[in-house]
J.: 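First, the structure itself, so that you have it in front of you.
Since the model is a prediction, treat every value here as computed from it, not as a measurement. Only heavy atoms go into these numbers, but all of them, side chains included; no hydrogens, no water, no symmetry mates. Positions are given from 1 along the sequence.
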Amino acid sequence: MSSTESPSVPAASVLPRVAPVRVHDGERLRSVGLPGVTLSVRSRPPAREGLPAALFVHGLGGSSQNWSSLMAELDGVVDGEAVDLPGFGDSPPPDDGNYSVTGHARAVIRYLDACGRGPVHLFGNSLGGAVATRVAAVRPDLVRTLTLISPALPELRIQRTAVPTGLLGVPGIVALFTRLTREWTAEQRVRGVLGLCYGDPAQVTPEAFRHAVDELERRLQLPYFWDAMARSARGIVDAYTLGGQHGLWRQAERVLAPTLLIYGGRDQLVGFRMARKAARAFRDNRLLTLPDAGHVAMMEYPQVVAAAFRDLLAETGGPGGAPDTGSAAEAGS
């Protein structure tokens, strides 16, 4: 809970009771308190001691559950953890209400500094890809390798299918959207999200669809759900317009870690054409294009993504990946 709340008010009276977050077989979920933020962290007990650490960062509207399939595929390869960014999954909002890309990056940095697991193999999807890029640029000492799946890096010509997501960041749009969609069921909303994020929504099993509906119904009961969505969407838009040394493409050029870039040919949110620009920007990169994948390749093709990551490890010196680099300052503005 936010530190601005009165300590005499029990949490149960502030937030409604909601169903517990799903924990998949072999996973555990814990809450980690940090200065200004509390993060929910999903993990799998390592298959053996000494495995290199990995951290997974989800995209806008997602959660640590987005990484469950890939984490299972990498069991025995890395000691993996996935965070729920502030205001998403099971993590409460940040104390300062900062949902910018920098704000999310600071939360990830604070977690890595506090847990002492760095340098890690850092993964990011969509918004999480922008966050991971910023972390790798400003704190190279925390990142061994970087794997970006459809990262939300600035595009001059945004796809029309991505415009509604960007509009969530416009003041007043969320209130209008919630009024217009008041009668939509959770099933209808989930079908819309799957249609937007998957290259082939038919891949989603009935069980996975039911779990997605249950999770959305849980989140819709949280009073900060739409605020977190809107402010994070606004954070992406703001990051797209930021220039100078804090511009995301400029920071991509500063990344020292060996980088694996993964783009889907059917991605309706991040243009497939951005793959070439990313390959030019990241100095030490390998590019994997999946013609049939959408925006969440790690959920659609976890085996393929896991194989590509194992190849990255093999090319960069085995399980530990790249050697450590020097420390830098925490994320800028």
J.: Does a salt bridge link Arg191 with Glu187, judged by any charged N lying under 4.0 Å from a carboxylate O?
T.: no
J.: Would you say Tyr240's side chain and Leu153's backbone share a donor-acceptor pair under 3.5 angstrom?
T.: yes
J.: Under the side-chain hydrogen bond (donor to acceptor under 3.5 Å, both in side chains) test, which residues partner Asp284, sequence neighbours left out?
T.: Arg286
J.: Side chains of Met298 and Ser69, heavy atoms from C-beta outward: is any pair under 4.5 Å?
T.: no
J.: Below 4.5 Å, heavy atoms only, C-beta onward: do Leu127 and Leu85 meet side chain to side chain?
T.: yes
J.: Could you check whether any side-chain N or O of Arg110 sits under 3.5 Å from a backbone N or O of Pro35, counting only pairs where one atom can act as donor and the other as acceptor?
T.: yes
J.: Do the non-hydrogen side-chain atoms of Leu216 and Phe225 ever get within less than 4.5 Å of each other?
T.: yes
J.: Same cluster or not: Leu51 versus Leu70, using hydrophobic residues (I, L, V, M, F, W, Y) connected whenever any side-chain heavy atoms lie under 4.5 Å apart?
T.: no
J.: Hydrophobic cluster membership, with links at side-chain heavy-atom distances under 4.5 Å among I/L/V/M/F/W/Y: are Val23 and Val41 in one?
T.: no
J.: With a 4.5 Å cut-off on side-chain heavy atoms, are Trp67 and Arg42 touching?
T.: no
J.: With side chain to side chain contact (heavy atoms under 4.5 Å, CB included) as the criterion, how do Val296 and Ser150 come out once you've worked through the C-alpha distance, each side chain's angles and the decisive distance to 0.1 Å?
T.: CA-CA 7 Å; Val296 287; Ser150 297; over 6 Å; no
J.: What distance separates Leu55 CG from Leu112 CG, expressed to the nearest 0.5 Å?
T.: 5.5 Å
J.: Just wondering, do Thr147 and Phe123 contact through their side chains at under 4.5 Å, heavy atoms?
T.: yes
J.: To the nearest 0.5 angstrom, please state how far the CG atom of Asp113 sits from the CG atom of Leu142.
T.: 5.5 Å
J.: State whether the side chain of Glu73 and the backbone N or O of Val305 hold a donor-acceptor pair below 3.5 Å, judged by distance alone.
T.: no
J.: Just verifying a value: how many Å separate Thr259 OG1 and Leu287 CG, rounded to the nearest 0.5 Å?
T.: 11.5 Å
J.: Between Tyr198 and Val193, is there a side-chain heavy-atom distance shorter than 4.5 Å?
T.: no
J.: Does Ile109 share a hydrophobic cluster with Phe88, counting links as ILVMFWY side-chain heavy atoms below 4.5 Å and allowing steps through other members?
T.: yes
J.: Within this structure, what is the CG-OG1 distance for the pair Leu148 and Thr133, rounded to the nearest 0.5 Å?
T.: 4.5 Å
J.: If we ignore hydrogens and angles and just use 3.5 Å, is the side chain of Arg134 paired with the main-chain N or O of His246 as donor and acceptor?
T.: yes
J.: Would the number of heavy atoms belonging to other residues, nucleotides or ligands and lying under 6.0 Å from CZ of Arg276 be above 12?
T.: no
J.: Has Asn285 got a side-chain atom pairing as donor or acceptor with Ala279's backbone, closer than 3.5 angstrom?
T.: yes
J.: Do Glu315 and Pro258 have side chains that get closer than 4.5 Å, going by heavy atoms?
T.: no
J.: If two hydrophobic side chains count as joined below 4.5 Å and joins carry through other members, does Val57 share a cluster with Leu34?
T.: yes
J.: Please list, chain by chain and in numerical order, all residues satisfying side-chain contact (heavy atoms from CB on, under 4.5 Å) with Arg22, sequence neighbours excluded.
T.: His24, Gln65, His211
J.: Using only atom types and a distance under 3.5 Å, with no angle test, would you say the side chain of Trp249 pairs donor to acceptor with the backbone of Ala281?
T.: no
J.: Are the charged groups of Arg280 and Glu253 less than 4.0 angstrom apart, N to O?
T.: no
J.: Which residues satisfy the salt bridge (charged side-chain N to carboxylate O under 4.0 Å, His left out) test with Glu81, sequence neighbours excluded?
T.: Arg30, Arg117
J.: Within the distance-only criterion (no hydrogens, no angle test), does the side chain of Thr241 pair as donor or acceptor with the backbone N or O of Asp238 below 3.5 angstrom?
T.: yes
J.: May I ask you to decide if Pro20's main-chain N or O and Arg218's side chain share a donor-acceptor pair within less than 3.5 Å?
T.: no
J.: Under 4.5 Å between any side-chain heavy atoms of Leu269 and Leu60, yes or no?
T.: no
J.: Please confirm whether the backbone N or O of Leu74 pairs with a side-chain atom of Arg44, one donor and one acceptor, at under 3.5 Å?
T.: no
J.: Walk me through whether His58 and Asn125 qualify under side chain to side chain contact (heavy atoms under 4.5 Å, CB included).
T.: CA-CA 5 Å; His58 65 80; Asn125 169 236; 6.0 Å; no
J.: Measure from the side-chain N and O atoms of Asp84 to the backbone N and O of Ser63, and report whether any donor-acceptor pair falls under 3.5 Å.
T.: no
J.: Which class fits the ring pair Phe309 and His121: parallel under 30°, tilted 30 to 60°, perpendicular over 60°?
T.: perpendicular
